[in-house]
Amino acid sequence: MTIIFAKHDGCDKEFIFEVPAGMYPVKNDVLWVDTSQGEAVAVATSDTIWGQKVEQIVERFGAYLPLKR
């Protein structure tokens, strides 16, 4: 699994999104994301993160699986 942290305009909370295969957004990229309320624009607050520790990061920050893309 590959993830990225992102924020929506006007919101101080960071969210974690799953990054689709073959995509590698970086910090400050504008992203089109799925949310529980439909599609929205967000800005990446981290670079793409992948590897064995991703599930631990997701759990530590209290995100709900499966992540939105």
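Everything quoted here is computed from the prediction, not taken from an experiment. Counting begins at 1 with the first residue of the sequence.
Trp50 and Ile4 fall into different hydrophobic clusters, where Ile, Leu, Val, Met, Phe, Trp and Tyr are joined by side-chain heavy atoms under 4.5 Å apart, directly or via other members. Linking ILVMFWY residues whenever their side-chain heavy atoms come closer than 4.5 Å, directly or via other members, places Ile57 and Leu67 in the same cluster. Both Met23 and Leu31 are part of a single hydrophobic cluster, where members link through side-chain heavy atoms under 4.5 Å apart. In this structure, Phe15 is not a member of the same hydrophobic cluster as Phe61, with clusters built from ILVMFWY side-chain heavy atoms closer than 4.5 Å.
Side chain of Asp47 to main chain of Lys27: a donor-acceptor pair is present (N/O by atom type, distance under 3.5 Å, no hydrogens or angles).
Here the straight-line distance linking atom CD1 of Ile3 with atom CD of Glu18 works out to 9.5 Å at 0.5 Å rounding.
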Decide side-chain contact (heavy atoms from CB on, under 4.5 Å) for Val30 and Val41; before the verdict, give the C-alpha distance in whole Å, the side-chain angles of both, and the deciding distance to 0.1 Å.
CA-CA 7 Å; Val30 176; Val41 174; 3.6 Å; yes
Please lay out, stage by stage, how Thr2 and Val54 fare under the test side-chain contact (heavy atoms from CB on, under 4.5 Å).
CA-CA 7 Å; Thr2 303; Val54 168; over 6 Å; no
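In this structure the side chain of Lys68 never reaches within 4.5 angstrom of the side chain of Thr35, judged on heavy atoms. In this structure the side chain of Phe5 reaches within 4.5 angstrom of the side chain of Ile49, judged on heavy atoms.
Surrounding NZ of Lys7 are more than 12 heavy atoms belonging to other residues, nucleotides or ligands, all under 6.0 Å away. The environment of CE in Met1 is crowded: more than 12 heavy-atom neighbours from other residues, nucleotides or ligands sit within 6.0 Å.
Relative orientation of the His8 and Phe17 rings is perpendicular, given thresholds of 30° and 60° on the angle between their planes.
Smallest separation of non-hydrogen atoms from Ala6 and Ala42: CB-CB, 3.9 Å.
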